[in-house]
Amino acid sequence: MAASWKKSLNLPKSSFPNRPDPKLHSQFLSRCSESFYEWQSDNRPRENPYILHDGPPYANGPLHLGHAMNKVLKDIILRAQVQRGRRVVYRPSWDCHGLPIEMKALKTKSFRSISPGEIRDIAKRLASKTVQKQMKSFQSFGIAADWDKRWTTMDPAYEIRQLRVFQRMVRGGLIYRRRKPVYWSISSLTALAEAELDYRDDHESTAAYVRFPVLSDLSEVPGLSALDGPLYAAIWTTTPWTLPANQAIGVHKDMSYTVLRVDKYNLLVAQSRVDAITEILRTADSVEVVVDSIPGTELVGLKYRNKLHGKESPLQPIIDADFVTGDSGTGLVHLAPGHGQLDFEACSALGIEALAPINDEGIFTAEAYPDDPEKLTLAPSILDGGHQSVLDLVGDDVLAVHALKHKYPYDWRTKKPVIIRATAQWFADVESIKRAALGSLDEVEFFPASSKGRLRSFVKARSEWCISRQRSWGVPIPALYDENGEAVMTDASIEHIIAIMQQRGSDAWFTDSPDEPAWIPPSLQGKFRRGTDTMDVWFDSGSSWAENGRPADVYLEGTDQHRGWFQSSLLTYVAAQTSESVPEGEIAAPFKKLITHGFVLDANGRKMSKSIGNTVTPEEIMDGTLVGPTPTKKTKGKGLTLSLDPLGPDALRLWVASSDYKTDIQIGAVVMGHIHSTLIKYRNTIKMLAGSLHPTKPGSPITKLDQIALVQLEDTMNEVGKAFDAHEYSRAIKAINQWLATDLSAFYLEAVKDRLYCGDGGGVLLPIFMGFLRMLAPITPVLVEEAWESRPDWLKEHAHLISPARQLYHDPLVPEGNLPMEANQIRQDLPTLNAVHDAVKAQLEQARKRKVIGSSLESTVILQIENGHNTLEVLRRYSDELDAMFVVSGVGINTELPTDMDWHVTELAQGNDEWYRVHVVPATQDKCGRCWRYVAPKKNSICQRCDEQLMRRGPLDGSVKRALDAVKVAERTGIVFR
């Protein structure tokens with residue numbers, strides 16, 4: 001009979017697969033990305049769009065997980081905004097200029113000599129090819145964007161907008177050219193800005209103590225007039241290669257100095273450094289103090305000679321420098337104004353030249369040692385042993401040499417050390433706009449809030465921005481130079497150059513003949529040449545706000561962009577407003593919200609590196625194969641391969657959303673195992689819900705149990721919505737998973753299953769189905785589209801119903817009215833209902849363990865309430881549905897226990913100072929052959945509810961009719977049929 005009754009049940013039927021079908025993947029991917037973006041552009045209000053301005057990734061190589069996390073986070077934000085009724089504007093972008101691509105272009109040629117035009121042509125083709133590859137990868141992540149309107153920093157229109165920003169800053173007097181020390185990358189052959197540096201703590205330098213002979217007349221200097229023998233000034237340097245550039249020695253006028261007698265000469269050091277210097281000179285025959293204390297003011301003005309400048313070179317001064325301290329070294333500082341910013345400022349105030357006798361490659365020039373130039377010009381690069389060549393020439397004046405590990409700047413692209421070198425560069429004045437820039441940040445929302453301090457600290461630390469680069473692949477700085485090398489740059493000259501560039505393109509700046517007159521404004525008389533410097537790539541990408549016309553609603557990038565794109569965007573935007581005389585109090589930042597995320601680490605918390613072999617690609621996550629967390633010798637560094645179901649971009653996206661992206665995120669086989677389990681759970685739930693949707697169910701009455709489910713759904717959707725608004729996606733996923741496991745699966749679906757399969761098929765599965773998909777839509781859009789496609793045919797006939805991803809998030813899921821209870825009453829009752837539900841379930845489990853029952857339907861639960869007026873009131877309010885909630889065949893409240901029972905399980909429970917006992921006792925009726933509840937009037941019969949359901953169905957299936965006839969015979973004759 002069981003087989004016959006099965007055909008009368010409303011068992012779930014759905015075409016939705018437990019695992020995605022790869023054959024249909026592209027269909028759903030296109031529907032939730034390209035089609036979705038186009039739909040929202042046409043169906044959301046045109047006014048006040050939500051703009052997410054893309055921080056352009058660099059078009060150099062394949063994408064990594066950091067790229068994927070960034071784009072997925074942006075996509076989640078935009079999809080959530082569409083659900084709130086906003087039209088979103090998102091144009092993907094790429095940063096295409098700069099050194100890495102230029103270096104790749106240079107490597108494509110077998111010869112060293114290559115013209116700027118050739119470099120630009122090859123670099124453009126390389127960047128364009130990479131943009132196409134990266135775009136396809138981004139699209140495979142399910143990113144909805146206006147791909148046809150993507151922009152790159154090498155687009156002609158973009159370059160013109162950038163030059164317009166530059167022109168506005170020139171007009172405002174914020175751009176200037178000056179020869180001064182800047183960070184110089186020998187490996188990149190260009191100047192760098194602070195934002196292009198990495199600092200390493202393990203850099204090792206060769207430090208040296210060196211003496212210089214003081215040659216001034218000391219007879220009038222108190223404390224020094226009676227010295228016997230020559231006097232030397234001792235200095236300490238961590239960059240001996242800068243000694244040829246030495247122009248002065250700095251002392252502090254408020255410090256005290258001491259003269260040590262070292263064998264047959266005298267050595268001048270700070271009083272606070274006597275013990276340290278004595279230890280350094282421990283190999284000398286004797287070291288003693290001969291003059292204990294000399295004020296620094298007495299030393300200012302003395303002269304000394306630097307032998308590296310030649311025998312006939314003029315003497316050099318000892319000057320006052322307020323940054324000199326007595327905490328390290330000798331207390332006297334070697335000043336090379338061509339190789340240090342503080343040195344430059346101290347010396348330039350006195351008119352002392354900034355000498356920097358090295359070339360772009362770090363090789364000494366002839367002026368480094370004029371007496372015998374080849375001894376240094378033929379020496380190695382200053383970072384490859386050139387320092388030793390200098391120390392060899394200094395000879396006996398080297399007092400000591402030692403290795404020193406310390407923090408040092410590196411070129412963040414080539415990972416090679418940089419130097420400080422005085423060259424003529426173009427600068428943007430940051431100091432004059434700094435206050436306005438910092439003030440504009442007070443109107444910006446930061447996520448996390450602590451990131452505001454990080455950005456402020458970077459802005460505070462800057463006074464100027466070196467924006468010129470000595471490269472070919474970039475936007476040219478529109479400067480003209482006369483025959484004397486003097487730069488000409490005015491608003492009018494830039495306007496003329498922009499006009500020519502709009503006709504010929506930026507490449508022509510580099511490829512036109514040097515004497516091409518078209519580039520020279522008619523107002524300029526004489527001969528002029530075009531400059532060869534290009535703009536810093538941070539100025540390129542930092543000018544991207546110019547395409548919006550107003551501040552974007554949000555910028556979202558990695559935390560490293562506080563010193564990069566966030567900062568350059570802020571500075572250029574504020575500078576442009578300042579140049580247009582916008583009042584300081586009205587100056588805005590280019591972003592209303594600024595969101596930052598951390599980096600992706602491997603399962604052991606290490607930075608991913610190809611050399612280590614611990615990288616994980618987005619494709620490995622999507623296709624279900626990734627390297628395990630611990631590479632071993634047996635696996636030859638590859639680690640253990642974990643094979644998971646190929647769940648596509650939803651697996652990648654769910655991993656991103658489940659992570660606390662505001663910190664560094666770890667990924668590995670264990671993490672992805674949990675993500676895959678969660679995603680499979682989503683699919684199984686969707687399959688059950690979709691399969692249980694029947695055309696008659698929406699007309700069924702809503703019970704109290706149904707309304708509990710609706711309240712739980714509404715509360716969860718509100719919590720998830722708030723998490724989306726706060727950009728706390730892991731909190732949203734946690735809320736969804738908690739609701740799914742506790743409220744939906746363990747409570748409602750378990751309780752409503754009998755009604756779904758055997759009763760009127762009612763319930764509120766359609767609102768739950770829609771609400772669940774609405775919550776998942778920003779996170780797993782491919783899954784949502786696939787689920788919507790798998791909805792039953794009768795639902796597809798309702799043309800007005802659109803995909804939950806396109807619905808408004810907070811639109812009602814159930815028409816108002818016809819609800820049995822007030823929602824707030826249910827919210828008040830739920831804690832009590834849940835507590836009793838948990839107690840009942842615990843007792844039923846005990847009964848199973850004791851093998852008293854197999855199914856919970858074999859039992860009746862009797863609840864005896866002691867000192868529990870509130871509990872009693874709540875339970876009576878739901879008394880007619882408690883058997884369904886507990887999945888038992890009956891529930892009694894404060895009824896007497898059967899005296900003839902031979903078993904029972906009891907528990908004393910407490911909640912809110914109210915006591916109650918839970919008794920599990922045998923069901924009093926017989927098992928229904930159709931629904932298996934113990935509510936049938938006699939053996940081999942069906943319950944009244946099942947009988948009524950069968951009668952309502954009209955003509956019965958033959959096997960079902962025969963089964964029903966057999967039941968009636970059994971009821972009449974007592975004969976049992978098998």
Open item on the list: What I'd like to find out is whether the side chain of F427 reaches to under 4.5 Å of the side chain of V182, using heavy atoms alone.
Closed with: yes
Task: Within the 6.0 Å centroid threshold, strictly below: H562 and F458 - done: no
TODO: Side-chain contact test, heavy atoms from C-beta onward, threshold under 4.5 Å: evaluate it for T596 versus L594 and give yes or no.
DONE: yes
Task: Atom CZ of R435: over 12 foreign heavy atoms under 6.0 Å - done: no
Task: Parallel, tilted or perpendicular: rings of H67 and F138 (30°, 60°) - done: perpendicular
- [ ] Look at the aromatic rings of W147 and W94 and report parallel, tilted or perpendicular, splitting at 30° and 60°.
- [x] tilted
TODO: Using side chain to side chain donor-acceptor pair (under 3.5 Å) as the criterion, point out the one residue from S544, S93, S541 that pairs with D54.
DONE: S93
TODO: Among W538, Y58, Y199, find the one that has a ring pair (Phe, Tyr, Trp, His ring centres under 6.0 Å) with W412.
DONE: W538
- [ ] Go through the steps for E557 and K74 under the test salt bridge (charged side-chain N to carboxylate O under 4.0 Å, His left out), then give the verdict.
- [x] CA-CA 9 Å; E557 300 302 328; K74 291 173 180 176; 2.6 Å; yes
TODO: Determine whether the side chains of E38 and S35 contain a donor N or O and an acceptor N or O closer than 3.5 Å.
DONE: no
Open item on the list: Just by distance, no angles: are the side chains of S187 and S185 close enough, under 3.5 Å, to form a donor-acceptor pair?
Closed with: yes
Open item on the list: Pair E547, K149 - check salt bridge (charged side-chain N to carboxylate O under 4.0 Å, His left out), show working.
Closed with: CA-CA 12 Å; E547 68 135 341; K149 292 185 179 179; over 6 Å; no
TODO: Test L524 against V488 for side-chain contact (heavy atoms from CB on, under 4.5 Å), laying out the working first.
DONE: CA-CA 9 Å; L524 292 182; V488 175; 4.1 Å; yes
Open item on the list: If only side-chain N and O atoms count, and only distance matters, is there a donor-acceptor pair under 3.5 Å linking W545 with T572?
Closed with: yes
Open item on the list: Under 4.0 Å between a side-chain nitrogen and a carboxylate oxygen: does that hold for R563 and D198?
Closed with: yes
Task: Heavy-atom side-chain proximity of L480 to I497 below 4.5 angstrom - done: yes
Task: Residue pair Q134 / N60: nearest heavy atoms and the distance that separates them - done: NE2-N, 3.8 Å
Task: K415 with D411: basic N within carboxylate O range, under 4.0 Å - done: no
Task: 4.5 Å side-chain heavy-atom contact, I595 and Y555 - done: no
Task: Between Q425 and R177, a side-chain donor and acceptor under 3.5 Å - done: no
Open item on the list: If the threshold is 4.0 Å, N to carboxylate O, is there a salt bridge linking E196 and R469?
Closed with: yes
TODO: May I ask you to decide whether E431 forms a salt bridge with R462, counting only side-chain N to carboxylate O separations under 4.0 Å?
DONE: no
Open item on the list: Within the 3.5 Å criterion, strictly below it, is a donor on K662 or H727 matched to an acceptor on the partner's side chain?
Closed with: no
Task: Interatomic distance, Q40 atom CD to Q81 atom CD [nearest 0.5 angstrom] - done: 10.5 Å
- [ ] Check the side chains of T490 and S493 for a donor-acceptor pair under 3.5 angstrom, ignoring hydrogens and angles.
- [x] yes
TODO: State, with a plain yes or no, whether a side-chain heavy atom of T153 is found less than 4.5 Å away from one of V537.
DONE: no
TODO: Assess R79 against F36: is NZ or CZ under 6.0 Å from the centre of the six-membered ring, and within 45 degrees of the ring's axis?
DONE: yes
TODO: For the pair F724 and Y809, name the ring-plane relationship: parallel under 30°, tilted 30 to 60°, perpendicular over 60°.
DONE: perpendicular
Task: Heavy-atom side-chain proximity of L174 to S579 below 4.5 angstrom - done: yes
- [ ] Could you tell me whether the side chains of S803 and E785 share a donor-acceptor contact shorter than 3.5 Å?
- [x] yes
Task: Within-4.5 Å side-chain heavy-atom neighbours: L163 and I494 - done: no
Open item on the list: For H53 and W565, I'd like to know if the aromatic rings sit close, meaning centre-to-centre distance below 6.0 Å.
Closed with: yes
Task: Under 3.5 Å side-chain donor-acceptor pair for R806 and Q83 - done: no
Open item on the list: Could you check whether S730 and D660, counting side-chain N and O atoms only, form a donor-acceptor pair closer than 3.5 Å?
Closed with: no
Task: Pair W465 and F539, ring centroids less than 6.0 Å apart - done: yes
TODO: Give a yes or no on whether E443 atom CD has more than 12 heavy-atom contacts from other residues, nucleotides or ligands under 6.0 Å away.
DONE: no
Open item on the list: Pairing donors with acceptors under 3.5 angstrom, does anything connect the side chains of S506 and R120?
Closed with: yes
Open item on the list: Under 6.0 Å from the ring centre and within 45 degrees of the ring axis: does the NZ or CZ of R86 meet both conditions for the six-membered ring of Y50?
Closed with: no
